[in-house]
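If you read the sequence from its start, that first residue is 1, and numbering goes on from there. Treat the numbers as computed from the prediction; the structure is a model and nothing was measured. Scope of the values below: all heavy atoms of this structure, side chains included, with no hydrogens, waters or symmetry mates.
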Amino acid sequence: EPVAGEIACDHAAAAGLGAVGALLRTITVLGPAGRIERTRGDFLLYDDGFTPAVANAVDAVDAERRAVGAALGCEPLPIARALSRAGYGPEGDLWTTAHGSRAFSQVRAPRSLGAGWSSDVSHVLRTWADLGEQLEVPVPGLRAVIGLADAVTGRDSWGAGRSLDDLGVERMSRATLLRYLDTGETE
């Protein structure tokens, strides 16, 4: 049975699509961005900065992650279920799981908006968005989160992040991509 980083999938995409922390961290930092700047992170990120509205945003973008996974023949768990199965909190919706998490309740906000989490955007979320677009899966939420994160940090995830070309899978058809993920072969 899959847990947080695991997905019901028999190929290499499972690891990347299982990186749900990248999505959770990014939106959870963007939600209280003003407070992070004003207080230099002097608050508990999930207790004080993770609200039902932030959870709704995470869930909406998580649906896109799961749709990309489905296009690859995977069955990614919804983020709340993945986190609760991994022992991060009780079962329930994402807000309930995160607020019931002993581990999350101790996480302090980053001291600045440029601290640490930006590689989640350029190397994980960008890959999901690029895969979605290549597989003709709509990913407007992912693109919006990436754009907002780049605006907040002054980074360029589209120019400097991990591309499908970097991974050697750009412009592959769905069938070729699936074969490559299963066997490492393109023909």
If every non-hydrogen atom of [X] is compared with every non-hydrogen atom of [Y], which pair is closest and at what distance?
X	Y	result
V124	A19	CG1-CB, 4.1 Å
S105	R102	OG-O, 2.8 Å
R162	D166	CA-OD2, 3.6 Å
R108	D42	NH2-OD1, 2.9 Å
L131	L177	CD2-CD2, 3.9 Å
P90	T96	CG-O, 3.8 Å

When you compare the side chain of [Y] with that of [X], does any pair of heavy atoms fall below 4.5 Å?
X	Y	answer
R126	S163	yes
S122	D150	no
L72	L17	yes
L83	S101	no
V61	T26	no
V54	Y46	no
L164	T127	yes
L113	E37	yes

In this structure, would [X] and [Y] fall into the same cluster of hydrophobic residues linked by side-chain contacts under 4.5 Å?
X	Y	result
W158	V139	yes
L178	Y180	yes
L44	F104	no

>> If we check side chain to side chain contact (heavy atoms under 4.5 Å, CB included) with V58, which of these qualifies: V20, L94, V145?
In response: L94
>> Looking at Q134 and R171, would you say the former's side chain and the latter's main chain have a donor-acceptor pair under 3.5 Å?
In response: yes
> Under 3.5 Å, side chain of H99 to main-chain N/O of G89, donor-acceptor pair present?
Replying inline: no
> Are more than 12 heavy atoms from other residues, nucleotides or ligands located less than 6.0 Å from atom CD of E91?
Replying inline: no
> Where do F43 and I36 land on the side chain to side chain contact (heavy atoms under 4.5 Å, CB included) test, with the steps shown first?
Replying inline: CA-CA 8 Å; F43 65 96; I36 290 169; 3.7 Å; yes
> Would you call D182 and R179 a salt bridge, using N to O less than 4.0 angstrom?
Replying inline: no
>> If you apply the rule side chain to side chain contact (heavy atoms under 4.5 Å, CB included), what do you find for T153 with V121, and how did you get there?
In response: CA-CA 11 Å; T153 62; V121 179; over 6 Å; no
